[in-house]
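For reference, the structure is listed below as structure tokens.
In the text below, chain A, chain B and the rest are named by the order of the sequence lines, each starting its count at 1.
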There are 2 protein chains.
Amino acid sequence: MGKQMADKTIREPLSRERVLAAAVALADAEGVKALTMRRLATDLGVEAMSLYFYVPSKEALLDGVLGTVFAELAAAAPEPAEGEWRTRLRRRFLAARAVMLRHPWAPGLLTTRGTIPPDVFAYFDWIVGTLLDAGFSHHLAHRAIHAFGSLPFGFAQEVFSPAAAGGSLDPDTAEADLAALAEALPHITAMVAHEMHGAGDPTLGWCDSQVEFEFTLDLLLDGLDRLRARR
Amino acid sequence: MGKQMADKTIREPLSRERVLAAAVALADAEGVKALTMRRLATDLGVEAMSLYFYVPSKEALLDGVLGTVFAELAAAAPEPAEGEWRTRLRRRFLAARAVMLRHPWAPGLLTTRGTIPPDVFAYFDWIVGTLLDAGFSHHLAHRAIHAFGSLPFGFAQEVFSPAAAGGSLDPDTAEADLAALAEALPHITAMVAHEMHGAGDPTLGWCDSQVEFEFTLDLLLDGLDRLRARR
DNA sequence: ACCTGAACACCGTTCAAGT
DNA sequence: ACCTGAACACCGTTCAAGT
């Protein structure tokens, strides 16, 4: 996929933007682990050391990559500025989620690197402003920011994804494995059984992360709204 | 700190447990980035290749490291099995937080690696069981698990930590910088100003993450309790 | 069974050199 | 100004060899 980029028929001049865009594309296609200076260079039809002309180091490259993702996030939210505060926040968080789904590696990279892209501050300032407009005290707005966690970025750090859970079930021993699983984890097994309405394989597809994202978001918004009204 | 470990005066035989314990200690002391096969080996007073006798690969080493952290988490929660469901969950989540504070690198490692330590499943089964006992439907228990996010592990993925925010303020230009900041981020600046009761430097210490962790946790527990009662 | 030494492929990065 | 080649220090890992 990135191979055609090495095509030198035209070879327009490199630029920081092109480097970062290629880096994002590479991470999207093959994961952030494949994003290496040498590999990125060959994708761009250039030698590895040329990249250092546009990026001081790999760490800076990663920061730049995160920066472009959040620029994308800012661009994806045209901000109608109309409607209730809850729907405004909701709309924007869901827009962020759409962006993150295109860059599944971004959350992990964000938590790994300590740095925060500059656009994020403006984003949070908008969130705080929206809360204050809605009658939140500064104190409650502060609490709300923390409570939101990573929801403003469109991802809930759910560690218990079904993909990571029962990913490797040997078809031969699956039945015995499931029986052992039911014994070791009775409550989870019962819960999964209840939640699987309709036919579907047991390991995948019983979680609709979109629905659950919105549930969590609404749960928090409801709770905050209740605290806001109570004073 | 790990240097003394290279002392070969006694040199009791290596073992998988010792290797993993040394790896955790190294990550605690110098971060997960310093945890390299070669460095870990010298800490243990041994050659790098010897580690492969106890661990098949570095990826497996990292998984093992996560495993020991979560074993620690399981051991830290003696589970009195008494009290209301909310206090039981609260107690356990806060115990998890105490463990994670000792291993600040663990959350990032957990999200980076796709794998989930086996102990985690039993842990979540206990959570689900506690919810079901309290009268939660299977459906709501499922939603709750997702809503909790990474709170059961004792960390909220708060991206907006003040440390990462204003970490590098040049003392010479701090005043001008703060003025520019106030213009660019008016709402956040106002919020910080309101939240800083008492004297303290502007960049640090205005967030008490313990308090905010508990606030978020209670907010979720309250919301879930309300949904539970409503049927 | 447990540990080592040399070697391989792959990193990020420096530096002098090309155009 | 932009790009390259060779080189350095550092990875994870293999493999034959030591005890």
Side-chain angles (χ1 to χ4, degrees), chain A residues 2-3 5-24 26-27 29-67 105 108-109 112-115, chain B residues 2-3 5-24 26-27 29-67 105 108-109 112-115:
Chain A
K3 287 293 177 54
M5 285 177 147
D7 183 32
K8 346 174 107 176
T9 47
I10 296 201
R11 177 64 171 279
E12 53 184 308
L14 232 45
S15 68
R16 181 179 157 87
E17 286 69 37
R18 275 195 63 207
V19 168
L20 294 182
V24 170
L26 177 54
E30 308 188 25
V32 75
K33 201 180 170 180
L35 176 52
T36 163
M37 298 297 275
R38 286 171 148 100
R39 170 63 198 277
L40 176 58
T42 65
D43 274 12
L44 285 164
V46 95
E47 223 64 23
M49 309 77 203
S50 307
L51 300 179
Y52 287 86
F53 201 86
Y54 303 96
V55 147
S57 69
K58 171 144 192 210
E59 306 238 311
L61 172 76
L62 293 178
D63 289 345
V65 161
L66 278 179
W105 43 268
L109 186 58
T112 295
R113 301 203 45 65
T115 172
Chain B
K3 284 295 173 56
M5 284 177 148
D7 185 31
K8 346 174 108 177
T9 48
I10 297 199
R11 176 64 171 277
E12 54 185 309
L14 232 47
S15 69
R16 181 180 157 87
E17 287 70 37
R18 277 195 61 209
V19 169
L20 293 182
V24 170
L26 177 54
E30 309 189 23
V32 76
K33 200 180 174 180
L35 175 50
T36 162
M37 299 297 275
R38 287 172 147 100
R39 169 64 195 276
L40 176 59
T42 65
D43 274 13
L44 285 165
V46 95
E47 225 62 23
M49 310 79 205
S50 308
L51 299 178
Y52 286 87
F53 200 86
Y54 304 96
V55 147
S57 68
K58 169 142 195 211
E59 307 238 309
L61 173 77
L62 293 178
D63 290 345
V65 162
L66 278 179
W105 42 268
L109 186 58
T112 296
R113 302 204 44 64
T115 173

Given the options A/Val24, A/Leu109, A/Leu61, A/Leu66 meets side-chain contact (heavy atoms from CB on, under 4.5 Å) only with A/Leu109
Defining pairs by Watson-Crick or G-U wobble geometry with both distances under 3.5 Å, how would you list the stems of DNA chain D with at least three pairs each?
C:4-8 with D:12-16, C:12-16 with D:4-8
Is the phosphate of C/dT4, meaning OP1 or OP2, less than 4.0 Å from a side-chain N or O of B/Ser50?
yes
What heavy-atom pair brings B/Val65 and B/Leu20 nearest, and what distance separates the two atoms?
N-CD2, 3.9 Å
Sub-4.5 Å side-chain heavy-atom contact between B/Leu26 and B/Thr36
no
Under a 4.5 Å cut-off applied to non-hydrogen side-chain atoms, are A/Glu47 and A/Arg38 in contact?
no
Measure from CG on B/Leu51 to P on C/dC2 and round the result to the nearest Å.
14 Å
Given atom CD of B/Glu47 and atom P of C/dA6, what is their separation to the nearest angstrom?
10 Å
Going by heavy atoms in the side chains, are A/Tyr54 and A/Arg18 under 4.5 Å from each other?
no
Minimum heavy-atom distance between B/Ala23 and B/Leu40, given as atom pair plus value:
N-CD1, 3.6 Å
Contact state string [nucleotides 9-19 of chain C, B base, S sugar-phosphate only, - no protein heavy atom under 4.0 Å]:
--BBBB-----
A/Met37 versus A/Met49: any side-chain heavy-atom pair under 4.5 Å?
no
Close side-chain approach of A/Leu62 and A/Thr112, heavy atoms under 4.5 Å
no
